[in-house]
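Worth knowing before you read on, the calculation uses all heavy atoms, side chains too, and leaves out hydrogens, waters and symmetry mates. One-based numbering, in listed order, for ligands and for the atoms of each.
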Amino acid sequence: MSRLGTESAFEVLVRARELEARGKEIIHLEIGEPDFPTPSNIVEAAVRALHEGLTHYGPSAGLPQLRQAVAEYTAQYLGAPVDPSEVVITPGGKPIMFFVILALVEHGDEVLYPNPGFPIYESMINFVGGHAVPYGLHEDRDFDVDVEEIIDKITDRTRLLIVNTPQNPTGGVMSGDGLKALAAKLAGREIPVLSDEIYHRLIYEGEHSSLARFPSLREWTIILNGFSKTYAMTGWRMGWGVMRPDLARQVAQLMTNSNSCTASFAQMAGVEALRGDQGSVERMREEFRRRRRVIVEGLNRIPGFGCRQPHGAFYAFPNIKQTKWSSGALADALLNEAGVASLSGTAFGEWGEGYLRFSFANSVENIQKALERIGDWAKKRL
Ligand SMILES: Cc1ncc(COP(=O)(O)O)c(C=O)c1O
């Protein structure tokens, strides 16, 4: 257990709630979840399924209807056929990370992962006894990956490569050229790639692409995706993986050994989410785009803060090096003294030092209020 890490967004949320219980008003820019309600067509589908009696165990790999819907949905964005036997439904996308790392990584195996990056990658690699090998995401590259750096770090012990686009916490998006170059260099190496595409619909410039689109990598890529961010369904715990059928069977067996299955009525809502009207997804993205402008412009007006425009997801990741504060101390001070909850860049790995992460999954009004508070705090304390 001493090797297992955590996701500090949840811990900061607890600290923020404690401050609120003591009467302090906090603006929450720490947690990464859409503040919109789940679209009503999806809620109605779940209610219908409940009335129809979908309240029992289902197959560990997921209901056939949802596996089929996910296969069709994925085939559409990959531009290549996907068979339902490649799909496993899990309670959120996170278990795909957990199960795939558990299934593939042996003691001493090396796993390449982005740093700064989603903290559970490093946590799980360490937990199973793997050797976590970070690759950097650099501000001067707009937080896109450096293909050469990844390739240079591959050894004969490399068992898995993790990529995440659009990226948490930087908002970086892997460019089409970058993906092509990476695919070309990975071809023939037989290294599985866990491609975390949970923010795939939240792109503000250009279009999402996946390493799985490249025929040479198709069978080596494990796609992690889900409903949480796209359909504002974080609390439903609904996600999926798309992978080779032999690995899908093993992941399903891990489901049998842990959760048994994902909630049956929730899966029927998932079918509606994927096949029903997509208007709400577009509306949410346009609102995020509006908020992105407000937060990036606002942060850039605060002395010591410099923020690039994120191209995807809903996070601003300003550089705070000029404040001369460490990221952890600054995040703490903003929470305790300014009443604004954010995350230290180091919550995403040690190479996140010098940055903070602000989620803009909050109203424009709250974002403006937070910016005013940070600005006032900076005048007094910087
Ligand atoms: C990069 C990334 N991957 C996966 C997840 C997991 O999402 P969920 O388990 O809610 O589907 C998150 C959630 O914050 C994330 O940021």
Side-chain angles (χ1 to χ4, degrees), residues 5-13 28-36 38 42 62 66 70 73-74 87-101 113-125 137 143 145 160-174 193-203 208 210 222-242 251 254-255 258-259 262-263 266-267 269-270 273-274 288 310-317 342-343 345 347-349 352 357-362:
T6 189
E7 191 182 345
S8 43
F10 289 100
E11 288 168 6
V12 173
L13 182 65
H28 290 274
L29 303 183
E30 77 280 41
I31 202 96
E33 65 170 346
D35 54 324
F36 306 106
T38 302
I42 301 174
L66 183 56
V70 167
Y73 178 87
T74 310
V87 177
V88 186
I89 309 300
T90 46
K94 229 182 204 175
I96 293 296
M97 224 175 271
F98 193 95
F99 294 148
V100 166
I101 292 173
Y113 73 102
N115 189 334
F118 193 57
I120 302 305
Y121 308 141
E122 191 180 333
S123 164
M124 276 306 297
I125 300 164
L137 289 171
F143 299 112
V145 302
L160 181 68
L161 163 66
I162 302 177
V163 296
N164 172 212
T165 181
Q167 214 251 349
N168 177 10
T170 64
V173 171
M174 285 172 80
V193 181
L194 175 60
S195 179
D196 185 339
E197 303 178 13
I198 199 96
Y199 297 100
H200 72 302
R201 299 282 287 275
L202 285 164
I203 290 204
H208 172 69
S210 168
I222 300 141
I223 296 175
L224 178 160
N225 210 330
F227 298 87
S228 287
K229 318 286 175 175
T230 303
Y231 299 101
M233 289 174 70
T234 47
W236 292 67
R237 308 315 300 135
M238 284 271 288
W240 70 79
V242 179
V251 168
L254 284 164
M255 274 294 288
S258 52
N259 303 274
T262 304
Q267 291 190 61
L274 295 179
F288 283 131
H311 299 300
F314 36 62
Y315 307 111
F317 199 62
S342 64
L343 293 182
F348 303 91
R357 190 195 80 171
F358 293 94
S359 160
F360 49 88
N362 204 326

_Backbone or side-chain N or O of K94 under 3.5 Å from ligand 1 N or O_ = yes
*asked:* Could you tell me, atom by atom, which parts of ligand 1 come under 4.0 Å of a heavy atom of G93?
replied: 8 (P), 9 (O), 11 (O)
_Element-labelled atoms of ligand 1 that are located less than 4.0 Å from some non-hydrogen atom of D196_ = 1 (C), 2 (C), 3 (N), 4 (C)
*Would you say T90 and N259 make side-chain contact, with heavy atoms under 4.5 Å?*
no
_Parallel, tilted or perpendicular: ring planes of F227 versus W240, cut at 30 and 60 degrees_ = perpendicular
*Any atoms of ligand 1 less than 4.0 Å from a non-hydrogen atom of R237? List them with their elements.*
8 (P), 9 (O), 10 (O)
*Where does N164 meet ligand 1, judged by heavy-atom distances below 4.0 Å: at the side chain, the backbone, both, or neither?*
side chain
*Looking at ligand 1, does M97 have a heavy atom less than 4.0 Å from it?*
yes
*Answer with yes or no after comparing the ring centroid distance for F348 and Y315 against a 6.0 Å cut-off, counting only values under it.*
no
*asked:* Is Q167 close enough to touch ligand 1? Criterion: a residue heavy atom under 4.0 Å from a ligand atom.
replied: no
_Those atoms of ligand 1 less than 4.0 Å from some heavy atom in G92_ = 9 (O), 11 (O)
*Would you sort out whether E197 and H208 count as a side chain to side chain contact (heavy atoms under 4.5 Å, CB included), showing the intermediate values?*
CA-CA 9 Å; E197 303 178 13; H208 172 69; 3.0 Å; yes
*May I have the step-by-step check of side chain to side chain contact (heavy atoms under 4.5 Å, CB included) for T262 and M255, ending in yes or no?*
CA-CA 9 Å; T262 304; M255 274 294 288; 3.7 Å; yes
*Donor-acceptor pair, side chain of Q167 and main chain of P116, under 3.5 angstrom*: yes
*asked:* Counting C-beta onward and ignoring hydrogens, is there a side-chain heavy-atom pair between P169 and L343 closer than 4.5 Å?
replied: no
*Return the residue, atom name and 0.1 Å-rounded distance of the protein heavy atom closest to atom 13 (C) of ligand 1.*
K229 NZ, 2.9 Å
*Decide yes or no for V242 and N225: does some side-chain heavy atom of the first lie under 4.5 Å from some side-chain heavy atom of the second?*
no
*Provide, to 0.1 Å, the distance between atom 10 (O) of ligand 1 and the closest protein heavy atom, together with that atom's residue and name.*
S228 OG, 2.7 Å
*Mind telling me whether F118 and Y121 have parallel, tilted or perpendicular rings, with 30° and 60° as the class edges?*
perpendicular
*Could you tell me whether Y199 approaches ligand 1 through its side chain, its backbone, both or neither, with non-hydrogen atoms closer than 4.0 Å?*
side chain
*Just need the protein heavy atom nearest to atom 5 (C) of ligand 1, so name the residue and atom and give the distance.*
F118 CZ, 3.9 Å
*Would you mind finding which of I162, T234, I198 brings a heavy atom closest to atom 7 (O) of ligand 1?*
I198
